[in-house]
Every structure is written in C-alpha cells, then in structure tokens.
Amino acid sequence: MLTVEGLKARYGRIEALKGVDLTVGAGEIVALVGANGAGKTTLLRTISGIEPAAAGRIVFEGQPIERLASHVRVARGISQSPEGRQVFAPLSVEDNLRLGGYRRRDGAAAATADLERCFTLFPILKERRRQAAGSLSGGQQQMLAIGRALMAAPKLLLLDEPSLGLAPVIVDQILAAITRLRSEGMTVLLVEQNAAAALAIADRGYVLELGTVTLTGTGRALLDDPKVREAYLGV
Amino acid sequence: MAEFLQFAFSGLTVGAVYALVALGFTLIYNASDVVNFAQGDFVMIGGMSTVFLYATGVPLPLAAIIAILTAVIVGLLLHRLAIEPARGASPVTLIIITIGASMFIRGVAQIVFDKQFHQLPAFSGDRPIEILGATLLPQSLWVLGGGLAVFVALWLFLERTLIGKAVLATAANRLGARLVGINTAVILAIAFGVSASIGALAGVLATPITLTRFDLGTIMTLKGFAAAMLGGMGSPLGAVVGGLLLGLIEAFGAGYISSVYKDGFSFIAILVVLFVMPRGLFGGRSVERV
Ligand SMILES: Nc1ncnc2c1ncn2[C@@H]1O[C@H](COP(=O)(O)OP(=O)(O)OP(=O)(O)O)[C@@H](O)[C@H]1O
Ligand SMILES: [Mg+2]
C-alpha cells in the first residue's frame, strides 16, 4: 500500500532522514520505533506532505505522491494523528471530528456513520461532544486526534506517539482501539517510543536510528532481538 | 429625550460602520492571527470606487457591486503578494507588512482617484424620519441594516458551514488543519476576500453620510481596531458590540461634553475596558492549549 524509497528530509542543514526505505502492506500494523530525535516524526510529516522530501520516493497505491500537496494526500486516503495531538482547542469535540472529514466526498450520511463509529471506539468523546476540545484531558485529546484522523475514512492511518504522556489504563485503551481498527481492515503505521507496547501489537516493525532504518522484522522477532531489548526495552 | 435619541441615532450609525470594519479585522485575525492594518483601506476603496464609477454614469447598485469586487481583488492580492510569501513570519512582521500595504494602497488611490473629499447621494432620499422628536436619516437605516445583515451572514458562515469551521480550525491550529486536508492558503485567501468585501460594503453604505477620501483608511483602521479590541479581538459578537459602543461613546461624548475631545473619550473608554478586562468584553474565547 505504501512504499518509501531512499527518502531524505532536512531541516536547513540538519539531515533528519538519510535515505529511509519502508513498506506498509494493506491491513498491517507496522510499528516504527527509535530514540528521541531519530526522525520518526519527520518521516510521518514527510509522508503526509507537511515537510517536503529532499530526495527519494513515496509511493501510495502505486502512485508517486511525494510532490502532492498535503490536502491532496488526505483526499487520496492518508491521514495522521500527529505528535502533540494538534486538536482545534476552541472548537467543540464534534466540530473537530467533523473537520476530520473535510476532504470526504462521499456524502453526509457516510460521515455521520463514521462519527458514530468514532463514538463507539471512544465513548467518552460522545459524552463530551459539545465541549471545547481544549478542555479535554490529555488522554481524551489523544482519542480525539485519532478519531479526527479516522473521520477522513483513510486507507492508511499514521499515528505519532499516541501513548505519550498518558496513564497506563488509557494507553491500554488506545492500543486496544488500534488493534480493533486492524480487525476492521485499517492499515496503520504506528510511531512509538513505548517500543514494547507498539511491537506487541504490530505485524512488523522498523527501528529508526539517526535518520536510517537499522533493523526490521516481525513485531515478535524485534521484541526478541537482543539489540532491541537492550536499546529500547531496557532489559 | 429628543436630544438623547438624536445622539443615540448618530452614535449607532457611526458605530455600525466601525462594527463592520471590526468584523473584517476579526475574520482575518481568526484565520491567520494577522491584524490587518490595511482593513480601513477596503472601506476607502469601496466608497471611492463607487463614487468614481457613479460619476461616469454607472448606475449606483452596479457601481457598488463593482467597487466591492475591486476591494475583494485588492484583498486577494494583498494576501497573495504580501502575506503568503511571508508565511511563517512572526505576527509582528505580518502586521508591519499590512501597514506597508496600507500606505501603498493609499498612494495608489491618490493617483487613481484624487485628493478631494467625495460623497454619494443617499440611497433612499434625504428626508429624515421623525421619531419622538429626533430625526433619523434613511441612510442610517441602510448602514444599520447592512451591518446586521453582514453580522448574521458571517455568523452563519463561521458556525454553520464546514468551510467556516475550516477558517476557525486554521486559526486554532495550522498544522492540525493541514493534516485534516484543509488547504490553508485557500482558507486565508477566503478570509482576506470576505474581509475586504465587508470593509468595502461599509464604505459604500457610509459614504452618503460621512464623505470619503483616499486616506479615509487610516482613521477607519484605527476606529475598527479600537472597536475590535474593545469587544475582544477574534469575537464577531465582540466586534459588533465594540463598534456600536465606540460609536455611542463618541456621539454622547461629543454631544454632552465637547466635540473637540470626541476621539479622546473613546480611547479613554477603551483603556478602561482593557484595564479591567484585558481580553476585551467578549474575548474569553481562547482556551488553554494542553
Ligand atoms: N522543526 C525542526 N527544525 C529543525 N530541526 C528539527 C525540527 N524538527 C525536528 N528536528 C530535528 O530533526 C531530527 C529528527 O526529529 P524528529 O522529531 O523527527 O524525531 P523523533 O524521532 O520524532 O523524536 P521524538 O521521539 O522526540 O519525537 C532531530 O535531530 C530534531 O532535532
Ligand atoms: Mg517525534
């Protein structure tokens, strides 16, 4: 579904991605783990078109997309729940979700059906639907960010650190929601610092270090890999 | 009583014009965090273009429409040529850019038009309407009605349409907006275009009462900005209330105390309000970002 080849990205002189290769197959959860500053967020931002690719290719469903504007990529079926949630704080929860469907062209009924699915996935959002997004707790905002990304009815969902700073029960809820999405056919590229949790639910994983992929394998294999265990699982 | 009403009428009329300018400020500020100091110049463009077109024989309604479209084009150019290239610059830089743009517009207007004061005929005649001993010009009703119509339309646009919500979303979180697929450059262009049309409409409606000249924009920007601050920058309701309040303070100050210090009263009132409520009367909108 998604193939990234030799992807480079830079901020001024800093090369944050130094030629990344990665694939995500339809229906997979692929985890991307790595230390602070490895370039995980940069990779997701480049796939979404927020940062330009300095070199390399991004192919989505057989089409090169690296030159497309970010809003076109959303329309093609890539949506992202970004690092730091980036919800629309003064707008209501429901407005945030409705805006998630900004690029949909499949009619109001389909959007409303997806809104209900979001509420089933995260019932607290339904309770708080009239409340300003900025008044939600961190965990609720995270759910909102994921729900907003889902409202685009994406084919590929990019999640950047959905567990960051959340209480363990909430993390479990969010991971359960991601697994549930896969069972409904969603394809997910999941970035996590919480490598153990991410690899445990992932079909496959990549380890990113200083802008390059250093290891790849099934989630299980990476969890058992001594280098991964030492560097990211603290065992 | 008659005197009181008379001051109230003139205050509300002028206030409605300020409110329209303030609404223009609000819209651009909401979409981009830019305080557009060329906002008053749209009022001038609306008034002056109508005057000159009308003078060449174009019927008044058509002249007004062309004038508003002209202002919209200027607004879009302002966005495209001055704001968009400076994307990512600090708000202060953007404000300075709009001040520069305002000077440029005034310079061009001086050449395209002239340096004289101009007036338009009133739309529905000059016969004052008597109400409890005070008189109200029919044109005042045009100004008040126009202000109300714009306010309702803008409110419906922002609260009831997805594009309007996209404007608010772009203001609240640019990155989030891009990630849901909002083309933020288009949203900002829409904000500038709509804002210019509101300003120009104010110019068209007010010119039969207040006269216009190439440099009208300066005072309009100042009053509109003051009204927006008074009401709370970013709140459409605040813009309207702030504008009307400012107009009333000026009218009553001038009527009961002294017309020499008319502007002084309004600025003292603003200082007092901002001292007590730093966000303005309706500025409670911004919510803590976690
Ligand atoms: N806006 C920016 N300007 C300049 N440098 C940046 C910017 N954003 C990130 N970087 C640098 O790019 C590199 C990769 O950062 P990135 O945010 O992609 O890492 P990350 O893997 O997501 O880290 P984290 O786990 O902390 O989220 C880092 O060296 C970072 O300092
Ligand atoms: Mg990151």
Side-chain angles (χ1 to χ4, degrees), chain A residues 41 44-45 47-51 69-92 94-105 108 111 131-142 144-145 148-154 158 160 165, chain B residues 26-27 29-33 80 84 87-89 154-191 231-239 279-280 282-290:
Chain A
T41 297
L44 292 198
R45 287 167 66 97
I47 294 172
S48 280
I50 301 296
E51 299 295 341
S70 52
H71 61 271
V72 181
R73 299 191 205 190
V74 175
R76 292 276 179 97
I78 301 179
S79 75
Q80 181 179 159
S81 161
E83 188 171 71
R85 296 133 202 174
Q86 316 296 344
V87 298
F88 307 125
L91 274 61
S92 73
E94 180 163 347
D95 283 345
N96 270 265
L97 292 170
R98 294 246 175 230
L99 280 163
Y102 189 75
R103 282 283 149 196
R104 300 174 71 124
R105 292 296 176 263
Q131 227 169 293
S135 70
L136 299 182
S137 73
Q140 291 161 358
Q141 287 194 17
Q142 186 60 60
L144 180 58
R148 185 179 67 179
L150 285 172
M151 283 301 291
L158 309 175
D160 198 347
Chain B
T26 300
L27 187 61
Y29 178 79
N30 265 343
S32 64
D33 282 339
R80 185 75 197 76
E84 189 66 18
R87 197 170 31 175
L154 192 62
W155 185 83
L156 288 174
F157 170 65
L158 289 176
E159 297 295 328
R160 291 278 178 272
T161 72
L162 196 59
I163 295 196
K165 289 275 164 66
V167 172
L168 298 177
T170 303
N173 192 313
R174 189 79 61 95
L175 173 59
R178 293 183 67 193
L179 285 173
V180 299
I182 293 170
N183 186 341
T184 50
V186 167
I187 293 295
L188 293 196
I190 290 175
M233 187 59 88
S235 154
L237 183 62
R279 285 170 177 284
F282 294 85
R285 185 189 173 92
S286 89
V287 180
E288 192 77 18
R289 274 181 206 169
V290 184

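Letters go in sequence order (proteins before strands), and every chain restarts at 1. Values below: every heavy atom of this structure, side chains too, minus hydrogens, waters and symmetry copies.
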Legend entry - Set of residues satisfying side-chain hydrogen bond (donor to acceptor under 3.5 Å, both in side chains) with respect to B:Thr184, sequence neighbours excluded: none
Inset, instruction - Check A:Val74 against B:Val180 and note the closest heavy-atom contact, atom names and distance. - result: CG1-O, 3.7 Å
Legend entry - 4.5 Å side-chain heavy-atom contact, B:Thr170 and A:Phe88: no
Legend entry - A:Leu91 CG to B:Glu159 CD distance, which is reported to the nearest 0.5 Å: 8.0 Å
Legend entry - Portion of A:Arg45 that has a non-hydrogen atom of chain B nearer than 4.5 angstrom: side chain
Legend entry - Closest non-hydrogen atom pair between B:Ala172 and A:Ala89, with its separation: CB-N, 4.3 Å
Legend entry - Test item: A:Ser48 and B:Leu179 side chains (from C-beta on) under 4.5 Å apart, heavy atoms: yes
Inset, instruction - Report the option among A:Asp95, A:Leu99, A:Val72 that has the most heavy-atom pairs separated by less than 4.5 Å from atoms of chain B. - result: A:Leu99
Legend entry - Straight-line distance of A:Arg104 CZ to B:Leu162 CG, nearest 0.5 Å: 11.5 Å
Legend entry - Gap separating the CD atom of A:Gln80 from the CG atom of B:Leu175, nearest 0.5 angstrom: 7.5 Å
Inset, instruction - Measure the spacing between CZ of B:Arg178 and CZ of A:Arg73 and express it to the nearest 0.5 Å. - result: 9.5 Å
Inset, instruction - Kindly write out the residues that satisfy side-chain hydrogen bond (donor to acceptor under 3.5 Å, both in side chains) with B:Thr26, not counting sequence neighbours, or none if the list is empty. - result: none
